[in-house]
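Taking it in order: structure first as structure tokens, then the write-up.
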Amino acid sequence: MNAVLQPFEARFEPMTASWFDAVLRVEQSAYDHPWSRGNFSDSLNAGYQAQLLAAGPDGDSELLGYFVAMKGVDEVHLLNITVAPEHQRQGWARVMLDALVLWSRSQGALWLWLEVRVSNERARAVYAHYGFRHVGTRRQYYPAANGQREDAVVMSLGLS
């Protein structure tokens with residue numbers, strides 16, 4: 001007997017501190033070196049674009065993912081994009097990238113930039129498929145196991 005998937009509505013909403021517990025659960029389940037509550041709080045306090053992708057009715061919403069981005073003069077820098085592990089491989093990363101690109105263009109950005117761990121081949125493939133290009137490497141950018149550091153691949157997407 002096949003399980004029948006129930007339809008649901010997904011929506012974007014601004015990240016607020018009231019979501020931090022849910023965001024941190026996702027963040028900690030998705031990464032070996034997750035952002036802290038302070039990283040998210042600092043991002044909101046700095047006025048960065050921080051959006052949640054949630055499903056279900058208000059008050060009983062399930063967090064599908066989120067992103068945090070920083071606007072520059074003519075560019076946007078994607079700082080964090082995460083899909084909850086139980087919802088990965090369902091197209092939600094693309095939905096969030098689409099929303100980020102639309103917002104970035106509305107802000108007059110010509111470029112969207114990001115860094116991604118060299119070892120995160122799946123994310124690199126998602127970004128490349130979306131149209132991001134590898135433009136450089138930041139040596140020893142990310143913390144890694146046993147006090148080591150890991151390189152970051154710098155990627156960009158033209159928005160004009």
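Values reported hereafter were calculated over all heavy atoms of this structure, with side chains retained and with hydrogens, waters and symmetry mates removed. This structure is a prediction, so every number in the text was calculated from the model and none was measured.
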### Query
Going hydrophobic residue to hydrophobic residue with side-chain gaps under 4.5 angstrom, can you get from Trp92 over to Trp19?
no

### Message
According to a hydrophobic-cluster definition based on side-chain heavy atoms being under 4.5 Å apart (Ile, Leu, Val, Met, Phe, Trp, Tyr only), do Leu78 and Leu157 belong together?
### Response
yes

### Message
Checking Gln140 against Glu150 for the side-chain contact (heavy atoms from CB on, under 4.5 Å) test, could you report, in this order, the C-alpha distance in whole Å, the side-chain angles of both residues, the deciding distance, and whether it holds?
### Response
CA-CA 5 Å; Gln140 300 183 0; Glu150 182 177 358; over 6 Å; no

### Query
So if you build clusters from Ile, Leu, Val, Met, Phe, Trp, Tyr with side-chain heavy-atom gaps below 4.5 Å, do Leu97 and Tyr66 land together?
no

#### Entry: From Leu159 atom CG to Leu110 atom CG, the distance as rounded to the nearest 0.5 Å
7.5 Å

### Query
Side chains of Leu52 and Val23: closer than 4.5 Å at any heavy-atom pair?
yes

### Task
Would you name the heavy atoms of Ser61 and Gly56 that are closest together and state the gap between them?
OG-O, 3.8 Å

### Task
Starting at NZ of Lys71, measure out to OH of Tyr48 and round the result to the nearest 0.5 Å.
12.5 Å

### Query
At their closest point, which heavy atom of Val116 faces which heavy atom of Ala123, and how far apart are they?
CG2-CB, 3.9 Å

#### Entry: Pairwise distance CD(Glu13) to CG(Leu63) - rounded to 0.5 angstrom
9.0 Å

### Message
For Asp74, is the CG atom crowded, meaning more than 12 foreign heavy atoms sit under 6.0 Å from it?
### Response
yes

### Query
Do the side-chain N and O atoms of Asn80 and Glu27 include a donor-acceptor pair separated by under 3.5 angstrom?
yes

#### Entry: Sub-4.5 Å side-chain heavy-atom contact between Arg94 and Val126
no

### Query
Hey, are the side chains of Arg138 and Val154 touching, using non-hydrogen atoms and a 4.5 Å cut-off?
yes

### Query
Which pair of non-hydrogen atoms, one from Ala55 and one from Leu64, has the smallest distance, and what is that distance?
CB-CD1, 3.9 Å

### Message
Run Gln88 and Arg122 through side-chain contact (heavy atoms from CB on, under 4.5 Å) and show every step you take.
### Response
CA-CA 11 Å; Gln88 290 178 359; Arg122 190 170 73 187; 2.3 Å; yes

### Query
Does the side chain of Val83 come within less than 4.5 Å of Met96's, by heavy atoms?
yes

### Task
Evaluate the side-chain contact (heavy atoms from CB on, under 4.5 Å) criterion for residues Val153 and Arg124: first the C-alpha distance (whole Å), next the side-chain angles of each, then the deciding distance (0.1 Å), finally the verdict.
CA-CA 8 Å; Val153 173; Arg124 289 172 49 203; 3.9 Å; yes

### Task
Decide if atom CD of Glu86 counts as having more than 12 heavy atoms of other residues, nucleotides or ligands within a radius under 6.0 Å.
yes

### Task
Calculate, to the nearest 0.5 Å, the distance between atoms CZ and CZ belonging to Phe20 and Arg25 respectively.
13.5 Å

### Query
How would you list all residue pairs meeting ring-ring contact (aromatic ring centres under 6.0 Å, His included) that involve residues 128-160, not counting sequence neighbours?
Tyr127-Phe132

### Task
Look only at the side chain of Ser36 and the backbone of Gly38, and say whether a donor-acceptor pair between them is shorter than 3.5 Å.
yes

### Which residues share a side-chain contact (heavy atoms from CB on, under 4.5 Å) with Leu24, sequence neighbours left out
Gln28, Arg37, Phe40

### Task
Identify whether the distance between the nearest side-chain nitrogen and carboxylate oxygen of Glu9 and Arg11 falls below 4.0 Å.
no

### Task
Please lay out, stage by stage, how Leu44 and Met15 fare under the test side-chain contact (heavy atoms from CB on, under 4.5 Å).
CA-CA 8 Å; Leu44 292 186; Met15 184 184 294; 4.3 Å; yes

### Task
Please tell me if the side chains of Phe67 and Trp103 come closer than 4.5 Å, counting only heavy atoms from C-beta onward.
no

### Query
Got a second to check how far Ile81's CD1 is from Leu100's CG, nearest 0.5 Å?
6.5 Å

### Query
Can you name the nearest heavy-atom pair linking Arg133 to Ala128, along with the distance?
NH1-O, 4.0 Å

#### Entry: Spacing of OG belonging to Ser156 relative to NE2 belonging to His77, to within rounding of 0.5 Å
11.0 Å

### Query
Taking atom CH2 of Trp111 as the centre, does the number of heavy atoms from other residues, nucleotides or ligands within less than 6.0 Å exceed 12?
no

### Task
Find out whether Trp35 and Ser43 are in side-chain contact, i.e. whether some heavy atom of one side chain is under 4.5 Å from a heavy atom of the other.
yes

### Message
Less than 4.5 Å apart, side chain to side chain, heavy atoms only: is that true for Val76 and Trp113?
### Response
no

